[in-house]
Amino acid sequence: MTRTAPRPGARPLQRLSLRVRLLVITTALLLTGLSLISALLSEHLERYQLDRIDDTLISFTELASHASRTPPPELETAGELFGPALDLLGAPYLAYLDAEGDITRELRSSGLESATLPTLDDLHAVPADGEIVDLPGAGGSTRWHAVARPAVGWDGTVVAAAPLAESDATVDALRRSSVLSGAALLVLLTAVGWLALGRGLRPLRQIEHTAAAIAGGDLTRRVPDLAPPGTEIGHLAGSLNTMLGQLEQAFADRAASETRMRDFVWDVSHELRTPLFGIKGSTELYQMGALPERTDVDEAMRRINREATRLAALTEDLLVLAQLDEAPEQLDRTPMDLRTLASDGRLDIRALDPTRPVELTGPEGHGPPGPAPVRADEARLRQIVTNLVGNAAAHTPAGTPVRIGVGTAGGRAVLEIADQGPGMSAEQATRAFDRFYRADRSRNREGGAGAGLGLAIARSIARAHDGDVELITGLGEGACFRLTLPLSAVGATDAP
């Protein structure tokens, strides 16, 4: 299948295959989702850790500020005794500041190094109203959270502080594990997505291959059943197969139409050539002086008149067919009864061959003629009956009985013209309504045989009335032409 080259201004993503584009979009969405989840988890954990530390500092500072009503005693040895307890309480560093802001006493966990403690200036920056403050560690080390309260019973301030190293390490560990696990999950899901998309898009590749085969000229190819009909792929395959069937039918109809047109042009040329050559030959004989006697001239004029009449009839038939093909709905419809045409058809047969027995019956020869009301163009229907009557007279021996049946059958109006002639084979019956077809092409057309347009005209007129003309025949069984039309509920005549 021909592939369309990407437009010069197309974005890079549009130049990729559908599978790659879907994978890129899916991976980008997955990466965004994983990053967002990791960020939310890290933020939530960090907030939880800080809230826990801050609550502990506030409670511990409140307790320490009420612990002594006098300036604190010597605390140099208290760190060794209470260091583990300070870690357990969550406030590893406690400082007592006097009124001038100097550290009078301090208590710290044994696990803390003095180099990492907040400086005195940092401690002075902590307001004594219980507000949590961020403090940098000494020398740019880990940050601290601190809170201060005025001492109760003496003029000073109690400051409690806790390092955030452990909290930050926990959050960093979570972030690292999120990145690593997210990357592994992203790689795994990308690989699974690549395989899943390949499997999911396999029907589209099969559709592409089918389209390529059809573009190569194989109009019989169809998209296989790739998915249940209720799915998108199933709908697409069904729609494509319907379209392909219509395309194949359209190409077949076009080929058949071209064949019919070639045959039609050939037949018209053949039918026109014969009378034209006759007219031209007679006129050339006259111009050459080869018709010296009056009787010779009269015979030539009779031939010219006969051939001109054939040309006029052929031209009229072709005009009728062209009109029916172009605008079959342009009919002068009026209420009428087919019994009128049946009676006139009987008179026409007797006029053509008085020796023929003619019987007027109901459909299929059962009972007497019945009413057959229709709303139709009477002149056009008379043309059908004339063609059928002429066909029976021309293709059966003189004196062969003819039956005309009229009435209703199967909810439709029916008019039949049946003879007891030689009939036709199945192949002849199949082509009987083709234009310019004659079952016996060797027949002398001077005896009344036409150019093979009568039955084609009859069927075209019938179908323009939403009816049809059918042929029931067999070799040695005669032929029955059956005209069926929609019944008219009102306006039927009562002609005998």
Side-chain angles (χ1 to χ4, degrees), residues 38-176 178:
S38 176
L40 290 176
L41 286 176
S42 300
E43 177 67 23
H44 181 73
L45 178 60
E46 183 178 17
R47 187 72 265 162
Y48 170 77
Q49 294 277 61
L50 294 179
D51 288 344
R52 182 178 60 82
I53 293 173
D54 294 345
D55 291 341
T56 301
L57 287 175
I58 292 173
S59 300
F60 184 73
T61 306
E62 185 71 22
L63 179 63
S65 65
H66 290 79
S68 176
R69 297 293 179 176
T70 60
E74 294 293 334
L75 298 175
E76 284 75 5
T77 61
E80 298 177 359
L81 297 175
F82 301 107
L86 292 176
D87 286 330
L88 181 63
L89 292 174
Y93 179 69
L94 179 66
Y96 291 88
L97 304 182
D98 58 17
E100 286 74 22
D102 296 326
I103 298 178
T104 59
R105 298 289 185 270
E106 64 180 3
L107 179 66
R108 70 172 183 269
S109 169
S110 59
L112 290 179
E113 297 180 3
S114 59
T116 62
L117 298 176
T119 64
L120 182 59
D121 292 337
D122 292 331
L123 295 178
H124 289 165
V126 180
D129 57 359
E131 180 184 356
I132 298 295
V133 176
D134 261 329
L135 297 180
S141 59
T142 184
R143 60 197 182 101
W144 292 66
H145 267 197
V147 63
R149 287 283 185 180
V152 177
W154 56 279
D155 190 11
T157 306
V158 178
V159 180
L164 302 183
E166 184 178 350
S167 174
D168 291 343
T170 302
V171 174
D172 290 341
L174 175 64
R175 288 172 179 167
R176 284 193 301 272
S178 297

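Here the structure is a predicted model, which means the values were calculated and not measured.
Remark: H124 NE2 is packed, more than 12 non-hydrogen atoms of other residues, nucleotides or ligands lying under 6.0 Å away.
Rounded to the nearest 0.5 angstrom, I132 CD1 and D55 CG are separated by 8.0 Å. In this structure, S38 OG and L174 CG are separated by 6.5 Å, a value rounded to the nearest 0.5 Å. I103 CD1 to T157 OG1: the interatomic distance, rounded to the nearest 0.5 Å, is 11.5 Å. To the nearest 0.5 Å, atoms NE2 (H145) and CD1 (I58) are separated by 10.5 Å. In this structure, S178 OG and L41 CG are separated by 6.0 Å, a value rounded to the nearest 0.5 Å. The structure places CG of D102 at 11.5 Å from CG of L123, a figure rounded to the nearest 0.5 Å.
The two atoms that bring V126 and A146 nearest to each other are CG2-CB, 4.0 Å, heavy atoms only. Annotation for I53 and A162: closest pair CG2-CB, 3.9 Å, computed over non-hydrogen atoms. Nearest heavy-atom pair, P163 versus P92, reported as atom, atom and distance to 0.1 Å: CD-CG, 3.8 Å. Between V159 and A148, the shortest heavy-atom distance links the atoms CG2-CB, 3.8 Å.
L117 is listed as a side-chain neighbour of W144, based on a closest heavy-atom distance under 4.5 Å. Annotation: side chain of H44 is not in contact with side chain of L40 (no heavy-atom distance under 4.5 Å). In this structure the side chain of V147 never reaches within 4.5 angstrom of the side chain of D54, judged on heavy atoms. Side-chain atoms of L120 and L97, non-hydrogen and from C-beta on, do get closer than 4.5 Å to each other.
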So L135 and R143, side-chain contact (heavy atoms from CB on, under 4.5 Å) or not? Walk me through it.
CA-CA 6 Å; L135 297 180; R143 60 197 182 101; over 6 Å; no

